[in-house]
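This structure is a prediction, so every number in the text was calculated from the model and none was measured. In what follows, every chain begins at residue 1, and chains take the letters A, B, ... in the order their sequences are listed.
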2 protein chains.
Amino acid sequence: MNVEKIIKTEKQIPLASRTLIHLSLVESKINEIMTTALKPHGVSLQQFNVLRILRGQKGRPANLSTLNERMVTKMSNTTRLVDKLILKGYVDRMVCPSNRRKVEINITVQGETALTEMDFAMKEAEEKLLKNFTVEDLTTLNALLDKF
Amino acid sequence: MNVEKIIKTEKQIPLASRTLIHLSLVESKINEIMTTALKPHGVSLQQFNVLRILRGQKGRPANLSTLNERMVTKMSNTTRLVDKLILKGYVDRMVCPSNRRKVEINITVQGETALTEMDFAMKEAEEKLLKNFTVEDLTTLNALLDKF
DNA sequence: TTACAACAATTGTATATACAAATGTATGAT
DNA sequence: ATCATACATTTGTATATACAATTGTTGTAA
């Protein structure tokens with residue numbers, strides 16, 4: 001990925017700004033490839049994310065604030081995101097009996113099945129994105145990102 | 001930045017997935033800090049981006065497709081983005097006389113003045129984001145990001 | 001027990017983004 | 001000159017996201 005070529009500029013960009021632009025471009029690419037991989041499955045990246053969190057719950061229901069905490073990119077309307085997943089039949093939601101302010105959200109069998117198919121597509125996307133990286137590269141990259 | 005702490009998971013994430021999640025989290029942080037820095041100036045990050053491109057044109061007008069090419073995150077409605085900047089008085093737009101399909105977009109004096117103020121805020125945001133990085137860190141990070 | 005603050009989710013509204021279709025203009029072949 | 005095509009932007013529509021206000025519920029201090 002050549003930053004200058006992508007944003008079509010000849011003049012050289014200061015190192016600090018270049019780094020931040022670089023990160024934005026990489027994130028755009030990740031996003032685009034993952035979104036494309038999920039498109040045939042009819043879910044957004046955020047929705048996929050929520051399904052994965054629910055699967056990780058292993059039967060224990062999650063409430064909205066739990067989902068919100070665990071999502072990679074926190075978005076300010078988990079209610080409506082869950083609405084969409086309900087429409088697709090991938091999750092269900094019911095009022096929490098012990099505390100009626102909360103809701104209990106579970107992944108359905110149909111949701112688990114769909115998620116398994118999405119896993120393949122996402123695995124491919126991941127490999128496509130990281131094909132140029134060695135394990136050492138990834139370790140170094142993670143260490144550097146920790147400085148943020 | 002501790003990935004596991006942020007997304008509140010105990011189990012360890014495979015290196016490849018962790019890297020991609022890490023990048024998303026970092027990008028979210030960059031976005032949030034920059035958006036916050038621009039908020040008092042009443043422009044979005046994308047709008048700021050366009051103003052900067054126009055300043056870089058040094059008087060030569062830009063048309064929409066040029067802007068689109070040079071934007072960091074290409075978005076699919078530059079027309080409306082420019083509309084907003086016109087409303088604020090930061091740019092003007094006129095039909096290109098030599099090719100009436102195109103438009104010529106220029107930054108106004110008012111836009112340049114506003115942009116200068118934004119530069120300070122953005123400089124601060126940049127320093128805040130990168131305070132833990134040495135020049136060598138940034139060089140390594142850029143080299144790794146090039147592998148995408 | 002009542003009144004009040006804190007909590008959890010939902011709803012309303014504005015803005016942002018993605019994508020396709022439509023508009024108006026220029027170019028080239030016949 | 002006419003027609004078909006390509007080009008550049010705009011418009012329409014659906015969906016996504018941000019943020020504030022609202023609803024309903026719970027816990028607690030007086």
Side-chain angles (χ1 to χ4, degrees), chain A residues 24 27-50 54 61-88 91-106, chain B residues 24 27-51 61-88 91-106:
Chain A
S24 284
E27 163 62 13
S28 287
K29 182 171 181 182
I30 293 174
N31 223 63
E32 192 212 310
I33 289 187
M34 293 200 157
T35 302
T36 305
L38 289 174
K39 184 146 290 175
H41 303 276
V43 296
S44 68
L45 195 47
Q46 301 275 35
Q47 290 173 16
F48 172 74
N49 208 223
V50 166
L54 290 173
N63 52 41
L64 272 185
S65 42
T66 308
L67 288 183
N68 233 325
E69 276 179 348
R70 303 205 179 159
M71 274 194 268
V72 177
T73 47
K74 280 89 178 109
M75 56 159 266
S76 38
N77 217 324
T78 315
T79 298
R80 284 190 274 241
L81 199 159
V82 169
D83 288 344
K84 308 245 173 68
L85 289 172
I86 292 174
L87 279 177
K88 293 178 179 121
V91 310
D92 54 43
R93 172 176 54 195
M94 44 182 258
V95 176
C96 174
S98 65
N99 185 340
R100 296 169 37 72
R101 284 174 297 186
K102 298 187 183 181
V103 294
E104 291 187 339
I105 299 157
N106 277 291
Chain B
S24 285
E27 163 61 14
S28 288
K29 183 171 180 182
I30 294 174
N31 222 62
E32 192 212 310
I33 289 186
M34 293 200 156
T35 302
T36 305
L38 289 174
K39 185 146 290 177
H41 303 276
V43 296
S44 69
L45 195 47
Q46 300 274 35
Q47 289 172 16
F48 172 73
N49 208 223
V50 167
L51 288 176
N63 53 40
L64 272 185
S65 41
T66 308
L67 288 182
N68 233 324
E69 276 179 347
R70 303 205 180 160
M71 275 194 268
V72 177
T73 48
K74 279 90 178 107
M75 54 160 266
S76 38
N77 217 324
T78 314
T79 298
R80 283 189 275 241
L81 199 158
V82 168
D83 288 344
K84 307 246 172 66
L85 290 172
I86 292 175
L87 278 176
K88 293 178 179 121
V91 310
D92 53 42
R93 173 177 52 195
M94 46 182 256
V95 176
C96 173
S98 66
N99 185 341
R100 296 169 38 73
R101 285 174 298 186
K102 298 187 181 181
V103 293
E104 291 187 338
I105 299 157
N106 277 291

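Remark: P of dT17(D) and CE of Met75(A) are 6 Å apart, rounded to the nearest angstrom. Per the geometry, CZ belonging to Phe48(A) stands 19 Å off C1' belonging to dA16(D), to the nearest Å. As a whole-Å value, the separation of Asn31(A) CG from dT17(C) P is 12 Å. Rounded to an integer number of Å, the gap from CD of Gln47(A) to P of dT17(D) is 9 Å. Leu45(B) has its CG atom 13 Å from the C1' atom of dA16(C), to the nearest Å. Rounded to whole Å, atom C1' of dT10(D) lies 13 Å from atom CG of Asn68(B). One atom, CD of Gln46(A), and another, P of dA18(D), lie 8 Å apart when rounded to the nearest Å. In this structure, the CD atom of Glu27(A) is 15 Å from the C1' atom of dT17(C), given to the nearest Å.
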Candidate pair Val43(B) and Lys84(B), rule side chain to side chain contact (heavy atoms under 4.5 Å, CB included), full reasoning: CA-CA 9 Å; Val43(B) 296; Lys84(B) 307 246 172 66; over 6 Å; no

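Atom NZ of Lys74(B) and atom CD of Gln46(B) lie 10.0 Å apart (nearest 0.5 Å).
Looking at Asn77(B) and Met75(B), their side chains come closer than 4.5 Å, going by heavy atoms from C-beta outward.
Between Lys39(B) and dA18(D) there is no side-chain N or O to OP1 or OP2 distance below 4.0 Å. A close approach under 4.0 Å does occur between a side-chain nitrogen or oxygen of Lys84(A) and OP1 or OP2 of dA16(D).
Judged by closest nucleotide on DNA chain D, Leu81(A) is the one of Pro97(A) and Leu81(A) placed further toward the 5' end.
For Arg100(A), there are no salt bridge (Lys or Arg N to Asp or Glu O under 4.0 Å) partners, not counting sequence neighbours.
Evaluation of the side chain to side chain donor-acceptor pair (under 3.5 Å) test over residues 30-40 of chain B, restricted to residues two or more places apart or in two chains, returns none.
At least one donor-acceptor pair under 3.5 Å links the side chain of Lys88(A) to the backbone N or O of Gly42(A).
The side chain to side chain contact (heavy atoms under 4.5 Å, CB included) with Ile105(A) is formed by just one residue from the set Leu54(A), Asn63(A), Ile86(A); it is Leu54(A).
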Contact state string [nucleotides 7-13 of chain C, B base, S sugar-phosphate only, - no protein heavy atom under 4.0 Å]: BSSBBBB

